[in-house]
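First comes the structure, then the notes that go with it.
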Amino acid sequence: MKTIIEPFRIKSVEPIYFTTKEQRKEILQKADYNSFRIHANDVLIDLLTDSGTSAMSSNQWAGIMQGDESYAGSSSFFKFEESVRSITGMPYIIPTHQGRAAEKIIFTILGGNGKYFISNTLFDTTRANIEFSGAEGIDCLCAEGKKPTVPAPFKGNMDTGLLRKTIEAKGAANIPMVIITITNNSGGGQPVSMQNIKDTRAICDEYNIPLFIDACRFAENAWFIKLREEGYADRSVPEIAREIFSYADGCTMSAKKDAFANIGGFLAMRNLELAMRCRNLLIITEGFTTYGGLAGRDLEAIAIGLQEVMDEHYLQYRIRSIEYLTNKLIDAGVPVMQPAGGHAVYLDAKAFLPNIPVDQYPGQSLVCALYEEGGIRAVEIGSLMFGKYDEQGKLVPAQMELVRLAVPRRVYTQSHIDYVAEVIIDVFNRRSELGGLVITEETPLLRHFTAKLKPV
Ligand code: F0G
């Protein structure tokens, strides 16, 4: 088999910014050891997120020029609606300015005190929107999903036994929705199998609970199903995607991921009454129903990107590029989430830095070291992001201490990725020198975005 190559050539480029290690030490200090506080121009390889950071295609840029900016009934909306409908099969399509705006709308309507939303794993903004409504989010991730370095094909799966128990314990009437996140971002970009989606659907039917999909990375998940699940090798990605959505009553989507758009999102659903309630809230918070907080040109970019992402040459390259970096790290003995996920490489910071206790944020310490060593920006997905305090003010740590290196779509080439591997391995080889961090300032919700820290 020959090398799997980037399935595109480059028409337009932008510079990346070099700094020295001495400069980066100072930048880190000024940024209070929080990678979200570093200026992008001080970053060499930015793996903070794969969200909104994709390179758009020449077709998408051409679509941008054709954006119809009419307030109502824009032709760009109808292209967008048709594109979303062709994939999801859902009749009611509601544009929003990004994924969390879709979440805000649906959870404002269905959430509230005494309600529970059950998921394989809720993403942080999803959980925050649920909690902001007064409701509670509960994760029922399968056991293999909680063991970072033990490989399994579908580590994003819902633990259906636990789902059933949780429904029984909380009462079906108090559960407005079950949500499957594909792929499971907070759990390592791991996929969910078609069988697991079907089984979850069957349980939802039994208790009469709607099933929604958080579909940000639906195409990457579909590709894993094609590769790994029996019976799907000969099915096309659009067919697999349609089958996934056929089991759902609705979905939320951030078009900043698998639609290669720099902004955008949507809600799609089958229930007219719910759609009407969502549209009312949309008009108050986002905009009219045919643009929902987006420009017409953004709707064009999304409509085109959603189809492009299902190209199998692209998906083969995309998933392979993540696996390539993962394998290089495994070969060097670096503890990394296995198998490779769809959009990011996740380092297991607990195993990487066993000398740093969880209340000194080993993940964040590793994030800082990667920046200092090579100008690479990553993000902690551990106790800084998900930690809570008990009544005594003691940290209740997250299940895992991960560091995510999310790879923007179609942006970096193989030599960038080789460089990233070199930097991670250098840090690994001097890991005993790294120390922990303490928080000096934080907010009650989503503290990781703005928290300030300092070395212990
Ligand atoms: N759901 C999942 C699974 C996500 O990964 C994200 C965003 C959202 C919802 C919210 O979408 O950003 O458009 O409002 N994830 C980004 C990330 C931010 O870095 O993983 P949004």
Side-chain angles (χ1 to χ4, degrees), residues 34-36 40 43 46-54 94-108 117 119-132 137 139 141 145 156 158 177 179-192 212-221 244 248 250-268 285-286 292-294 298 301-302 305-306 309 322 337 341-346 363 367 377-382 384-386 402-409 411 445-446 448-450:
N34 183 339
S35 56
F36 286 99
V43 176
D46 203 346
L47 307 182
L48 183 70
T49 180
D50 63 323
S51 180
T53 51
S54 298
I94 300 170
T96 60
H97 80 272
Q98 61 182 81
R100 70 198 69 180
E103 292 164 1
K104 170 80 179 151
I105 288 173
I106 196 85
F107 297 127
T108 300
F117 290 85
S119 176
N120 50 344
T121 307
L122 296 163
F123 182 65
D124 60 355
T125 61
T126 322
R127 178 177 290 280
N129 271 301
I130 287 171
E131 289 175 0
F132 193 71
D139 292 343
L141 183 62
M158 179 87 79
M177 179 192 287
I179 303 153
I180 297 185
T181 310
I182 61 172
T183 56
N184 179 15
N185 183 8
S186 313
Q190 298 293 323
V192 177
F212 265 59
I213 290 180
D214 178 339
C216 301
R217 301 178 180 85
F218 75 97
E220 289 168 5
N221 201 98
I244 291 174
C251 70
T252 57
M253 171 85 186
S254 166
K256 300 171 74 173
K257 284 82 170 174
D258 266 356
F260 301 118
N262 300 128
I263 196 73
F266 57 83
L267 271 165
T285 59
E286 289 281 295
L294 292 169
D298 300 323
I302 297 168
L306 279 173
V309 77
I322 309 292
M337 171 75 99
H343 65 293
V345 173
Y346 293 71
V367 166
R377 177 153 69 169
V379 70
E380 192 253 22
I381 301 201
L384 179 61
M385 188 179 273
F386 291 122
L402 302 176
V403 167
R404 186 185 76 172
L405 299 128
V407 183
R409 293 169 182 77
V411 171
L445 273 182
L446 298 175
H448 56 285
F449 286 127
T450 53

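By convention here, the first residue in the shown sequence is residue 1. Both ligands and their constituent atoms are indexed starting at 1 by order of listing.
- A salt bridge between K257 and D50 is absent, with no side-chain N of the basic residue lying under 4.0 Å from a carboxylate O of the acidic one.
- Every residue two or more places apart in sequence or in another chain was checked for a salt bridge (charged side-chain N to carboxylate O under 4.0 Å, His left out) with R100, and none qualifies.
- The closest heavy-atom contact to atom 9 (C) of ligand 1, among the options R217, E103, R100, H343, comes from E103.
- The shortest non-hydrogen separation linking L267 to I106 is CD2-CB, 4.0 Å.
- Looking at ligand 1, you'll find an N or O of G99 within less than 3.5 Å of one of its N or O atoms.
- Less than 4.0 angstrom separates some heavy atom of S254 from each of these atoms of ligand 1: 11 (O), 13 (O), 21 (P).
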Q: Quick one: do I213 and F218 satisfy side-chain contact (heavy atoms from CB on, under 4.5 Å)? Show the steps, please.
A: CA-CA 9 Å; I213 290 180; F218 75 97; over 6 Å; no
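- Under a 4.0 Å criterion applied to the non-hydrogen atoms of T181, ligand 1 contributes the atoms 3 (C).
- For ligand 1, one of its N or O atoms has an N or O atom of Q98 under 3.5 Å away.
- Side-chain atoms of N185 and H343 include a donor-acceptor pair closer than 3.5 Å.
- Of all protein heavy atoms, the one closest to atom 5 (O) of ligand 1 is N185 ND2, 2.8 Å.
- Ranking protein heavy atoms by distance to atom 1 (N) of ligand 1, first place goes to D214 OD2, 2.6 Å.
- For D124, the salt bridge (charged side-chain N to carboxylate O under 4.0 Å, His left out) test picks out no residue, with sequence neighbours left out.
- Nearest heavy-atom pair, L122 versus T181, reported as atom, atom and distance to 0.1 Å: CA-OG1, 4.4 Å.
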Q. Could you walk me through whether I105 and E103 pass the side-chain contact (heavy atoms from CB on, under 4.5 Å) check?
A. CA-CA 5 Å; I105 288 173; E103 292 164 1; over 6 Å; no
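- Here's the thing with T125: none of its N/O atoms is less than 3.5 angstrom from an N/O atom of ligand 1.
- Counting heavy atoms closer than 4.0 Å to ligand 1, residue K104 contributes nothing at all.
- Nearest protein neighbour of atom 8 (C) of ligand 1, counting heavy atoms only, is F123 CD2, 3.5 Å.
- Taking all atoms of both residues into account, the shortest heavy-atom contact from S186 to T121 is CB-CG2, 3.8 Å.
- Contact between C216 and ligand 1 is present, with at least one heavy atom of the residue lying under 4.0 Å from the ligand.
- Remark: minimum distance from atom 7 (C) of ligand 1 to any protein heavy atom is reached at K257 NZ, 2.5 Å.
- At under 3.5 Å, a nitrogen or oxygen of T49, whether backbone or side chain, sits near a nitrogen or oxygen of ligand 1.
- Of the N or O atoms in T183, none lie within a sub-3.5 Å distance of an N or O in ligand 1.
- Residues A261 and I302 approach most closely at CB-CG1, 3.7 Å, considering heavy atoms.
- Note: no N/O pair closer than 3.5 Å links K256 and ligand 1 by distance alone.
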